[in-house]
Amino acid sequence: MQPQDHFWSKAARYYEREFVDPYRKDVRNNPLKKTLHRLRNPDTGVVADLGCGIGPLLPFLARRFKTVHAIDFAAGMLERAGERVGNHANVKLHQASFLDLRAVPEPVDVAVAVNSLVLPNPAELESALREIKRILKPEGVFLGIVPAIDAVHYYTMLLVDRALGSGQPIEFARKNASHHCEHDSYDFAFGQFRFRGLEQHFWQPFEVAHRFRRAGFVLKRLKKVHLSWKQFAFGKELGEHEPPWDWFFFAKAA
Ligand SMILES: C[S@@+](CC[C@H](N)C(=O)[O-])C[C@H]1O[C@@H](n2cnc3c(N)ncnc32)[C@H](O)[C@@H]1O
């Protein structure tokens, strides 16, 4: 089997088309940028964008921190990130896995990971968390967003109710929900999502608290970031309900 960085590199080509975007203007109550702005320190601050992808956050970070270390293990992602930050001399790109962050040349004040803590093996996920903690300064903070498996259950529930409400039998309601929520791509028991060779872990909220504690973090805040209904089938009809979410977290070293 090809390693995951290979599939992430390929994903760089179709990223905007296929991935839900937590930075959209109509994403409500996303505390990420506000929190990063509060933590800014253009004189001495060092930030690491872990799993920077095609670099949507990098120009924002470059204006608020002295040095930005943009880390990703996928060459295709770093190539696109590099094009985006061409005129920001304080952004340094590093090709590295979260399992070995020795490429980051200095301790960081802030580590941020947006939808990149998705390593499929939980043992590696915890090793990655420990490695992230290792590169933090003692007073450093770690924040970001993880994809939510509980939000897929929620969206499934709304779709089932919608079909039942329009008089469809339960068998049809379930089949329809399963199709639109792409249940074939999920393993709900283990919180795994498989798509075009990528295997990603999606999180339960209790799991964030559990794994962060085991890796030596104190979880200070865990909050739903409601996504845009525009990125979901039947979003218009379901608009009276809260949209599905990802989980925002803010943590410090224990
Ligand atoms: C869903 S994308 C998110 C990208 C970016 N943070 C954003 O918000 O658009 C996940 C990114 O994390 C990177 N990634 C996933 N697992 C990684 C790992 N173990 N080590 C380094 N990068 C990883 C992928 O290559 C990909 O660019």
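All ligand and atom numbering here is 1-based and tracks the order in the structure. It should be emphasised that the depicted structure is a prediction, and the values quoted were computed from it without experimental measurement.
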Practice problem: Kindly identify the option in Tyr15, Trp8, Phe19 whose heavy atom sits closest to atom 3 (C) of ligand 1. | Solution: Tyr15
Exercise. Looking only at protein heavy atoms, identify the closest one to atom 17 (C) of ligand 1 and say how far it is in Å.
Key: Phe73 CZ, 3.4 Å
Quiz item: side chain to side chain contact (heavy atoms under 4.5 Å, CB included) with Thr35: which of His37, Lys33, Arg38?
Solution: Arg38
Self-check item: Which segment of Leu119 sits under 4.0 Å of ligand 1 when only heavy atoms are counted
Solution: side chain
Quiz item: If you measure from each heavy atom of Ala96 to ligand 1, is any distance below 4.0 Å?
Solution: yes
Quiz prompt | Ring centroid separation Phe232 to His180 under 6.0 Å | solution = no
Practice problem: If you have a sec, work out which protein heavy atom is nearest atom 12 (O) of ligand 1 and how many Å separate them, to one decimal? | Solution: Ser116 CB, 3.2 Å
Quiz item: Any N or O on Asp49 sitting closer than 3.5 Å to an N or O of ligand 1?
Solution: no
Quiz item: For atom 10 (C) of ligand 1, what's the nearest protein heavy atom and its distance?
Solution: Asn115 O, 3.4 Å
Quiz item: Which of these, Ala81, Gly144, Pro56, Gly53, has its nearest heavy atom closest to atom 9 (O) of ligand 1?
Solution: Pro56
Quiz item: Does Leu117 belong to the same Ile/Leu/Val/Met/Phe/Trp/Tyr cluster as Val108, with side-chain heavy atoms less than 4.5 Å apart forming each link?
Solution: yes
Quiz item: Within a strict 4.5 Å, meaning less than it, do heavy atoms of the Phe188 and His183 side chains meet?
Solution: yes
Quiz item: So if you build clusters from Ile, Leu, Val, Met, Phe, Trp, Tyr with side-chain heavy-atom gaps below 4.5 Å, do Phe142 and Leu57 land together?
Solution: no
Quiz item: What is the ring orientation for Trp245 with His226, classed by angle as parallel under 30°, tilted 30 to 60°, or perpendicular over 60°?
Solution: perpendicular
Quiz prompt | atom 4 (C) of ligand 1 - nearest protein heavy atom and its distance | solution = Gly51 O, 3.4 Å
Exercise. Check the pair Asn176, Arg162 against side-chain contact (heavy atoms from CB on, under 4.5 Å), reporting the backbone distance first and the verdict last.
Key: CA-CA 10 Å; Asn176 179 67; Arg162 174 188 163 276; 3.9 Å; yes
Self-check item: Protein heavy atom at shortest distance from atom 8 (O) of ligand 1
Solution: Tyr23 OH, 2.7 Å
Quiz item: Could an N or O of ligand 1 be found under 3.5 Å from any N or O of Val118, whether backbone or side chain?
Solution: no
Quiz item: Among Asp72, Val20, Val112, which one has a heavy atom closest to atom 27 (O) of ligand 1?
Solution: Asp72
Quiz item: Which part of Cys52 is near ligand 1, with near meaning a heavy atom under 4.0 Å away: side chain, backbone, both or neither?
Solution: backbone
Quiz item: Does the side chain of Phe7 come within less than 4.5 Å of Arg196's, by heavy atoms?
Solution: no
Quiz item: Among protein heavy atoms, which sits nearest to atom 20 (N) of ligand 1, and what does the distance come to when rounded to 0.1 Å?
Solution: Phe98 N, 3.1 Å
Practice problem: Evaluate the ring planes of Phe19 and Trp8, with Trp represented by its six-membered ring, and classify them as parallel (under 30°), tilted (30 to 60°) or perpendicular (over 60°). | Solution: tilted
